[in-house]
Student: 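Provided herewith is a single structure, encoded as structure tokens, for subsequent inquiry.
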Amino acid sequence: MPSDAVPHLRWTDLPVAALPLGPDLFDPAVTFTCGQTFRWEPVEGAWIGVAGGHIVRLWQEGRWTCSQAYPPGFDLARYLWADFDLAGWAAAMRSRDPWLAMALAAFPGLRVLRQDPEEMLFTFALATASHVPRITHMVRSLAAQLGAPIAWIDGRLYRAFPTAEALLAAPDDLLTGPCNLGYRARVIRRLAAWYCERGRAWLSDLAARPYAEAHRRLQEAPGVGPKVADCLCLFGLGFAEAVPIDAQTWKVARGLFGSALPTRTLTARTYRLAGDLFRQRYGPAAGWAQEYLYHAARTGRLAGLAAR
DNA sequence: AATGGACCTGCCGTC
DNA sequence: GCGCGCAGGTCCATT
């Protein structure tokens with residue numbers, strides 16, 4: 001669809017909704033920049049992002065999180081996992097170990113988001129051997145180059161995350177050129193072809209399966225290993241017990257669990273083992289604990305936690 | 001089952 | 001400004 005075929009709107013004309021989430025329960029700045037989502041930007045005291053085909057603007061007023069969205073029908077409460085009792089969980093977790101307690105204190109209001117599973121599939125397949133600034137650039141370029149236009153708002157055009165079909169049809173020099181995917185261009189193309197043969201139901205059906213099964217079956221997709229599968233489980237399918245173990249989290253795991261992890265490097269077996277140890281220590285929302293520990297480790301707040 | 005290496009570049013801490 | 005570099009890994013070949 002050409003970009004002049006979508007509506008021209010103004011934020012002042014869009015209705016406002018509100019959720020009872022104050023800064024202690026939801027901190028947009030931390031949540032949107034900690035490496036689980038890549039399309040939110042601060043704009044004049046608010047945050048604007050595109051998620052699941054909706055343009056969303058949100059800001060906080062006292063104990064409330066206010067929001068606008070186009071097209072209407074965006075379920076912000078679901079997106080923010082608002083029914084997860086962050087305060088209660090955090091209170092229960094502080095005693096598990098001083099490291100998680102430190103991370104909880106350092107980043108109050110960090111929430112795990114429930115994002116669109118298809119977007120998560122391609123986003124985290126893209127994220128391999130990369131880092132947050134670069135992933136952000138890749139995701140935003142892809143949306144700018146291949147995303148369907150949704151609307152103009154206050155003179156700016158917003159585009160959706162590219163569909164699998166659009167990624168599959170994209171010329172190779174577009175993926176490697178302006179989007180700077182590097183070797184990931186091949187990965188994305190292969191994954192898009194594989195996914196297009198199955199369709200969206202393949203992903204959404206997994207959300208109804210037990211975590212272990214979903215995690216295993218996701219890895220049937222090319223370019224999806226154990227870590228990307230866990231990102232999908234946690235960020236896209238709502239499995240709070242999924243613990244993505246990347247390089248940072250592996251360092252944390254070695255510090256926490258020491259000799260219980262038999263190898264120095266992350267292997268298929270130790271990946272499983274580390275995840276189980278996290279779940280043992282932090283319970284059914286171990287994925288939330290991972291998110292706090294990952295962000296703390298990445299920003300250098302866990303300097304004292306060295307592997308034995 | 002556990003390494004070792006390749007794969008594309010932009011960051012970023014370190015010489 | 002670089003860099004036997006490293007980064008939210010995965011895949012494949014060897015041992």
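For the numbers below, each heavy atom of this structure counts, side chains included, while hydrogens, waters and symmetry mates do not. Proteins come first, then strands; the chains are lettered A, B, ... in the order of their sequence lines, and each starts at number 1.
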Student: Given atom CG of A/Asp173 and atom C1' of B/dT9, what is their separation to the nearest angstrom?
Tutor: 17 Å
Student: Distances under 3.5 Å only, N/O to N/O: pair up the protein atoms with those of nucleotides 13-15 of chain B.
Tutor:
none

Student: The criterion is ring pair (Phe, Tyr, Trp, His ring centres under 6.0 Å); which residues satisfy it with A/Tyr70, sequence neighbours excluded?
Tutor: none
Student: Between N or O atoms, less than 3.5 Å apart, protein on one side and nucleotides 2-4 of chain B on the other: list the pairs.
Tutor:
| from | atom 1 | to | atom 2 | distance (Å) |
| --- | --- | --- | --- | --- |
| B/dA2 | OP1 | A/Arg269 | NE | 2.7 |
| B/dA2 | OP1 | A/Arg269 | NH2 | 2.7 |
| B/dA2 | OP2 | A/Thr267 | OG1 | 3.1 |
| B/dT3 | OP2 | A/Thr265 | OG1 | 3.3 |
| B/dT3 | O5' | A/Thr265 | OG1 | 3.4 |

Student: With C1' as the reference atom in both, quote the distance from C/dA7 to B/dG13 in angstrom, rounded to an integer.
Tutor: 13 Å
Student: What would the secondary structure line of DNA chain B be in dot-bracket form, counting Watson-Crick and G-U wobble pairs under 3.5 Å, with [ ] for pairs that cross earlier ones and | for pairs with another strand?
Tutor: |||||||.|||||..
Student: Listing request: all ring-ring contact (aromatic ring centres under 6.0 Å, His included) pairs with a residue in residues 201-235 of chain A, at least two apart in sequence or in separate chains.
Tutor: A/Phe124-A/Phe235, A/Trp194-A/Trp202, A/Tyr211-A/His215, A/Tyr211-A/Phe239
Student: Between A/Arg111 and A/Asp27, does any NZ, NE, NH1 or NH2 come within less than 4.0 Å of an OD or OE carboxylate oxygen?
Tutor: no
Student: Just to verify, what does A/Arg209 make a salt bridge (Lys or Arg N to Asp or Glu O under 4.0 Å) with, not counting sequence neighbours?
Tutor: A/Glu213
Student: Please name all residues satisfying side chain to side chain donor-acceptor pair (under 3.5 Å) with A/Gln68, sequence neighbours left out, ordered by chain then number.
Tutor: A/Arg57
Student: Using a heavy-atom cut-off of 4.0 Å across all strands, would you classify A/Arg298 as base, sugar-phosphate, or nothing?
Tutor: nothing
Student: Hey, does A/Val228 reach any base, or is it just sugar-phosphate, or nothing, if we go heavy atoms under 4.0 Å?
Tutor: sugar-phosphate
Student: Could you check if a side-chain atom of A/Ile188 sits within less than 4.5 angstrom of a side-chain atom of A/Phe122, using non-hydrogen atoms only?
Tutor: yes
Student: Measure from the ring center of A/Tyr292 to the ring center of A/Phe107 and say whether it is less than 6.0 Å.
Tutor: no
Student: Taking CZ in A/Arg63 as the centre, count heavy atoms belonging to other residues, nucleotides or ligands within less than 6.0 Å. Is the count above 12?
Tutor: yes
Student: Check each residue of residues 279-296 of chain A for a non-hydrogen atom within less than 4.0 Å of any atom in DNA chain C, then write out the ones that pass by number, or none.
Tutor: A/Gln290, A/Glu291, A/Tyr294
Student: If you look at every strand shown and take non-hydrogen atoms under 4.0 Å, does A/Ala129 touch a base, only sugar-phosphate, or nothing?
Tutor: base
Student: Will you find, in the side chains of A/Tyr282 and A/Gln290, an N or O donor that is under 3.5 Å from an N or O acceptor?
Tutor: no
Student: Counting C-beta onward and ignoring hydrogens, is there a side-chain heavy-atom pair between A/Leu218 and A/Leu237 closer than 4.5 Å?
Tutor: yes
Student: Between C/dC4 and B/dA6, how far is it from one P atom to the other, in whole Å?
Tutor: 15 Å
Student: Looking at side-chain heavy atoms only, is the closest gap between A/Val56 and A/Ile48 below 4.5 Å?
Tutor: no
Student: Between A/Ala127 and A/Gln219, who's closer to the 5' end of DNA chain C by nearest nucleotide?
Tutor: A/Ala127
Student: Is the shortest side-chain heavy-atom distance between A/Lys227 and A/Tyr271 below 4.5 Å?
Tutor: yes
Student: For C/dG9 versus B/dC12, give the span between their P atoms, rounded off to a whole number of Å.
Tutor: 16 Å
Student: If you walk 5' to 3' along DNA chain C, what is the first nucleotide with an atom under 4.0 Å of a heavy atom in chain A, and what is the last?
Tutor: C/dA7 to C/dC11
Student: Show your reasoning for whether side-chain contact (heavy atoms from CB on, under 4.5 Å) applies to A/Trp152 and A/Tyr158.
Tutor: CA-CA 6 Å; A/Trp152 294 83; A/Tyr158 294 91; over 6 Å; no
Student: Taking only the P atom of each, what is the distance from C/dG5 to B/dG5 in whole angstrom?
Tutor: 13 Å
Student: For DNA chain B, determine which residues of residues 188-200 of chain A have any heavy atom closer than 4.0 angstrom to one of its atoms, and list them numerically.
Tutor: none
Student: Pick the P atom in C/dG8 and in B/dT14, then give their distance to the nearest Å.
Tutor: 15 Å
Student: Answer yes or no: is there a side-chain heavy-atom contact under 4.5 Å between A/Leu146 and A/Leu175?
Tutor: yes
Student: Drop me the distance from A/Arg198's CZ to A/Asp205's CG, to the nearest 0.5 angstrom.
Tutor: 13.0 Å
Student: Establish, from distance only, whether the side-chain atoms of A/Thr128 and A/Tyr183 form a donor-acceptor pair under 3.5 Å.
Tutor: yes
Student: Looking at side-chain heavy atoms only, is the closest gap between A/Ser141 and A/Pro178 below 4.5 Å?
Tutor: no
Student: In residues 30-42 of chain A, which residues come under 4.0 Å of DNA chain C by heavy atom?
Tutor: A/Cys34, A/Gly35, A/Gln36
Student: Roughly how many Å is it from NE2 in A/His131 to P in B/dT9, rounded to a whole number?
Tutor: 13 Å
Student: Would you list the atom pairs, donor with acceptor, under 3.5 Å between side chains in residues 162-169 of chain A and any protein atom, with sequence neighbours excluded?
Tutor:
| from | atom 1 | to | atom 2 | distance (Å) |
| --- | --- | --- | --- | --- |
| A/Thr163 | OG1 | A/Ala166 | N | 3.1 |

Student: On a whole-Å scale, what distance lies between the C1' atoms belonging to B/dT9 and C/dC12?
Tutor: 22 Å
Student: Between B/dG10 and C/dC11, how far apart are the two C1' atoms, rounded to whole Å?
Tutor: 23 Å
Student: Can you check the A/Tyr183 OH to B/dG5 P distance for me, whole Å?
Tutor: 17 Å
Student: Any side-chain heavy atom of A/His54 within less than 4.5 Å of one from A/Pro71?
Tutor: yes
Student: From CG of A/Leu181 over to P of B/dT9, roughly how many Å is that when rounded to an integer?
Tutor: 10 Å
Student: Considering only heavy atoms from C-beta outward, does the side chain of A/Val132 approach that of A/Phe38 to under 4.5 Å?
Tutor: yes
Student: Do the charged groups of A/Asp276 and A/Arg281 touch, with an N to O distance under 4.0 Å?
Tutor: no
Student: For the CZ atom of A/Arg254 and the OG1 atom of A/Thr249, what is their distance to the nearest 0.5 Å?
Tutor: 14.0 Å
